[in-house]
Amino acid sequence: MSDFGARLAAAFHTHGRLCVGIDPHEALLAEWGLPESAAGAREFGLRTVDAAAGRVGIVKPQVSFFERHGSAGFAALEDVLAAARAAGLLVIADAKRGDIGSTMDAYGRAWLTPGSPLEADALTVSPYLGVGALSGTFDVAAQHGKGLFVLAATSNPEGAVLQSAAAGERTVAAQVAAEVGERNGGAQLGSFGLVVGATLDRGAFGLTDEVLSGTPILAPGFGFQGARPADLGRLFDAVAVNVVASESRSILSAGPEGISARIAERAALYA
Ligand SMILES: O=c1ccn([C@@H]2O[C@H](COP(=O)(O)O)[C@@H](O)[C@H]2O)c(=O)[nH]1
């Protein structure tokens, strides 16, 4: 099987850049007429997968909305992950795991090992304990052709003070980007990416075209958080071709009857 970077490039080519977030918020479950339970989250996720399949190439389940239902929530998530992958969608598990290296290795195995109940194509991880603490997770991902998205400059305003702070001659975000970029070894589109919010000016974080070159960029913040598809080129210019544009609530709020049309409409804006 090809590596994650190659599969992502193929998804871009076939379906464009939109990634549909699967975030079964309590309010959305109510709007969809579904119970506030693991069963509700499962049904919500499966219907979203059905609507996404064939219309986009990538989905991003937000793990927290399943985790809050405990073991039944994880069982629901397993079904959603399996259904999405069976439908040919690339699945980014948005779990934002971050810990010391030995513990990260276990997270890597949980989310990225073929046949694992929680198998995804890529996982979001936090570099707050040092990018080096993710070393074993990079290795597990590489071994199985999977991907990682490492938080660099997040879409929420609270992140900026830390992420734009100096780390030697670079900002924290740019240091993370440089270390992740090295892992991609000059590939046109590597398997190891960054999270860079679409709500911010990446220049303020030192995230130049050079430091982002060849690195997939997961960009939440489109839709509900205010960034518009038309901003993609302006925000990311030379590296826009590597951007996974993520929208959750702006799509999910269409409800079960309207979601297929909403996905098709939004996907066309990122084609
Ligand atoms: O910097 C980040 C990293 C992750 N997220 C996640 O993306 C979605 C955004 O949902 P919307 O409804 O499109 O606002 C959500 O799962 C976040 O946890 C982010 O927003 N920003």
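Whatever order the structure lists them in is the order used to number ligands and atoms, beginning at 1. Every value quoted in this text rests on a predicted model; they were computed, and no experiment measured them.
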Q. Quick one: does ligand 1 sit under 4.0 Å from the side chain of Pro220, the backbone, both or neither, non-hydrogen atoms only?
A. side chain
Q: Could you tell me whether Leu218 approaches ligand 1 through its side chain, its backbone, both or neither, with non-hydrogen atoms closer than 4.0 Å?
A: neither
Q: Flag yes if Val91 and Phe74 sit in one hydrophobic cluster, no otherwise; membership is Ile, Leu, Val, Met, Phe, Trp, Tyr, and two members link when side-chain heavy atoms are under 4.5 Å apart.
A: yes
Q | Hydrophobic cluster identity match, Val211 and Leu134, side-chain contacts under 4.5 Å | A | yes
Q: Identify, with sequence neighbours excluded, every residue that meets ring-ring contact (aromatic ring centres under 6.0 Å, His included) alongside Phe149.
A: Phe4
(Q) Parallel, tilted or perpendicular, judged at 30° and 60°: which one describes the rings of Phe236 and Phe222? (A) tilted
Q) Would you call Asp50 and Arg55 a salt bridge, using N to O less than 4.0 angstrom? A) no
Q.
Regarding Lys60 and Asp121, does a basic nitrogen lie under 4.0 Å from an acidic carboxylate oxygen?
A. no
I need the nearest protein heavy-atom contact for [atom]: residue, atom name and distance, please.
| atom | result |
| --- | --- |
| atom 13 (O) of ligand 1 | Ser248 N, 2.9 Å |
| atom 16 (O) of ligand 1 | Asp23 OD2, 2.6 Å |
| atom 9 (C) of ligand 1 | Gln225 NE2, 3.5 Å |

Q) His25 and side chain to side chain contact (heavy atoms under 4.5 Å, CB included): which partner among Glu31, Glu36, Gln62, Arg249? A) Arg249
(Q) On a heavy-atom basis, I'd like to know which of Thr199, Asp94, Leu252, Leu151 is closest to atom 6 (C) of ligand 1. (A) Asp94
(Q) Among Lys96, Gln62, Lys60, which one puts a heavy atom closest to atom 7 (O) of ligand 1? (A) Lys60
Residue [X] vicinity, atoms of ligand 1 by number, heavy atom under 4.0 Å:
| X | value |
| --- | --- |
| Ser155 | 1 (O), 2 (C), 19 (C), 20 (O), 21 (N) |
| Thr154 | 1 (O) |
| Arg249 | 11 (P), 12 (O), 13 (O), 14 (O) |
| Val195 | 1 (O), 3 (C) |

Q | By side-chain contact (heavy atoms from CB on, under 4.5 Å) - contacts of Asp99 (at least two apart) | A | Thr103, Met104, Tyr107, Leu129
